[in-house]
Amino acid sequence: MTEENIPVADTQPVNPAQLHAKFRMRYAGSDSSAFSLDVDLRLPGNGITAVFGQSGSGKTTLLRCVAGLERAQPGRLTVNGETWQSATLFLPTHQRPLGYVFQEPSLFPHLSARGNLNYARKRSGVANSDDLYEQVIELMGIKPVLLRYPHQLSGGERQRVAIARALLIQPRLLLMDEPLASLDTARKQEILPYLEKLRSAFDIPILYVSHSLDEVTHLADHLVVLQQGRVAAQGPVGEVFSRMDAPQLVGSGASVIWHGKVLERKEQWHLARIACAGGELWVRDTGDAPGQQIRVRILARDVSLTLSRHEDSSILNRLPVSVLEIATDKEAGMALVRLQAGSDVVTAQVTHRSVDYLQLAPGQRLWAQIKSVAIVR
Amino acid sequence: MFSEADLAAIWLTLKLATTVTILLLIIGTPIAWWLARTGSWLKGPVGAVVALPLILPPTVLGFYLLLAMGPDGFIGQLTRQLGIGTLAFTFQGLVLASVFYSLPFVVQPIQNAMQALGERPLEVAATLRAGPVDRFFTVVVPMARPGFITASVLGFAHTVGEFGVVLMIGGNIPGETRVVSVQIYDHVEALEYAQAHVLAGSMMVFSFLMLLGLYGFQKKHFFAGIR
């Protein structure tokens, strides 16, 4: 791991690191070639941390090391100040206060949905109130299927029961290994809202492994990018996405993720105005009430630059910005311009011709026109 | 229909098969679990020893067991020191021999069912705070249930059907070691074909029904059992 890959996490005072994992191990990759995992991570103690990477990048192995299902040597792991693994200690999985949701819904086939939930309740080791039970069942919407057996449930229902089961063990850390990967698109859309509710209803740090950019932008607060067993980037998700090398890291066009709050709804226009750290934006009205937190993604290719404020344009959103950095995009003839907007950052993808024509240079003040804003939640 | 001696033989056979099946489930389960999970080099040799009765003539097994149970054999010396005397030509001796003889029929279905479980259910149980013993009884045993049922049926039926080992170890003592298969042999030797028919026919029907029931069950639980 090279030093310049790390600093993103340190640029902003994030939550005190609650999970410190240092693992080194060799493992067999999916194509039977051997890779090695070599990571040193300090992750926040709340919110959803997505571990993102292509298959074979070691994300599942990392998660299994945290769970104690693999034994990394040397390995070191502290969670909330408790040591789970060190040079002299290795807590077996069943002694670690964690919940684990596997890629395929792994319900016990010989137990009903309720039997599966009770399996966890009996072993949580914590006074298990009926309130929590009711809350979890309500949250995951599985009340109607409790008496059914796993083979009588749909894939989405099974995964919801599996998530509920992991919650009922009352974990202090929830590990999720691509919980949506085995589901088709429709089932994914069915479960995503439950995961979003989960984040707001429970104050459990979640480590969420995924290779889906869509899920990461929807859910993650913090992002770790793994490449061939090494940490290529880590930090708050917005920061990692806005990095100039984001296309190489996450395999999609550069973008930024902004968190905003709904200010007002204009129902006659089907628009809502939201306030972000980078400025105010008009977005499609999703029916969210004023005050609601919302998350938007702005792709660099949807941002264009003008020297003056064009009031006579059809573009809804234009923000005053200043140039931070100009880099060459991997796409031929294109440049990525990193811009300061308010107290946040946005990137624009423009042609090199435009860079020359507008004589763009760091520090220069201009206007960013944003053609479209995708609401990711 | 059955003579007094026939009924005694049937009763003895059922008692023997039941005792052996229960003992085999107790002994065979840990062996099957170990064989299903181990990465040790001993897996091959142990597996082969367990499977030996499948291919050995029963007389070979019976011969060595007879020697071992005799006054100079290691089993014989052990039982004499314990004050039980020797086991040859006793019901207990028959039980011991049958345990060896039917071992693969119990171990293999259980082992197959346990192997078919894979690692995942155990990992799931571990993340739900179940320790090793807890995992075995709440996950492995219930999930391998079809394997246990197949094992019980085959172990029972195979013990009922043994002949060569009984003849070598047990001899032919009424009420002690004379099981149905030996009784049929006696009838035939004495040219009592009518009585032999009754017993032999009953065995046919019994065995057929056992296997019919088993295959019907396996069809529902196709994932376990002998493959």
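Below, read A as the first sequence line, B as the second, and so on, with proteins coming before strands; counting in each chain starts at 1. All values below come from the heavy atoms of this structure, side chains included, with hydrogens, waters and symmetry mates left out.
For OH of B:Tyr215, the number of neighbouring non-hydrogen atoms (other residues, nucleotides, ligands) closer than 6.0 Å is 12 at most. Remark: A:Lys188 NZ is packed, more than 12 non-hydrogen atoms of other residues, nucleotides or ligands lying under 6.0 Å away. A 6.0 Å sphere centred on OH of B:Tyr185 holds no more than 12 heavy atoms belonging to other residues, nucleotides or ligands. Counting non-hydrogen atoms of neighbouring residues, nucleotides and ligands closer than 6.0 angstrom, the NE2 atom of A:His94 exceeds 12 such neighbours. Atom CZ of B:Phe100 has 12 or fewer heavy atoms from other residues, nucleotides or ligands within 6.0 Å. More than 12 heavy atoms of other residues, nucleotides or ligands sit less than 6.0 Å from atom CD of A:Gln135.
Contact of A:Pro92 with chain B is not made at all, since no heavy-atom distance falls under 4.5 Å. In this structure, the portion of A:Arg64 lying under 4.5 Å from any heavy atom of chain B is its side chain and not its backbone.
To the nearest 0.5 Å, atom CE of residue B:Met143 and atom CZ of residue A:Phe108 are 8.0 Å apart. Summarising the geometry, atom NZ belonging to A:Lys122 is positioned 12.0 Å from atom CG belonging to B:Leu128; distances are rounded to the nearest 0.5 Å. For the atom pair OG1 of B:Thr127 and CG of A:Leu175, the computed distance is 9.0 Å after rounding to the nearest 0.5 Å.
A donor-acceptor distance shorter than 3.5 angstrom exists from the side chain of B:Arg129 to the backbone of A:Leu98, with no hydrogens or angles considered. In terms of modelled atom types and a separation under 3.5 Å, the side chain of A:His110 and the main chain of B:Thr138 share a donor-acceptor contact.
Side-chain contact check for A:Tyr100 versus B:Glu123: every heavy-atom pair is 4.5 Å or farther apart.
Of all the listed residues (A:Leu69, A:Leu107, A:Leu111, A:Val101), the one sharing the greatest number of non-hydrogen pairs under 4.5 Å with chain B is A:Leu69. Per-residue counts of heavy-atom pairs under 4.5 Å with chain A were compared for B:Gly131, B:Pro121, B:Pro132; the largest is that of B:Gly131.
Taking each heavy atom of B:Val124 and A:Ser106 in turn, the nearest pair found is CG2-CB, 3.4 Å.
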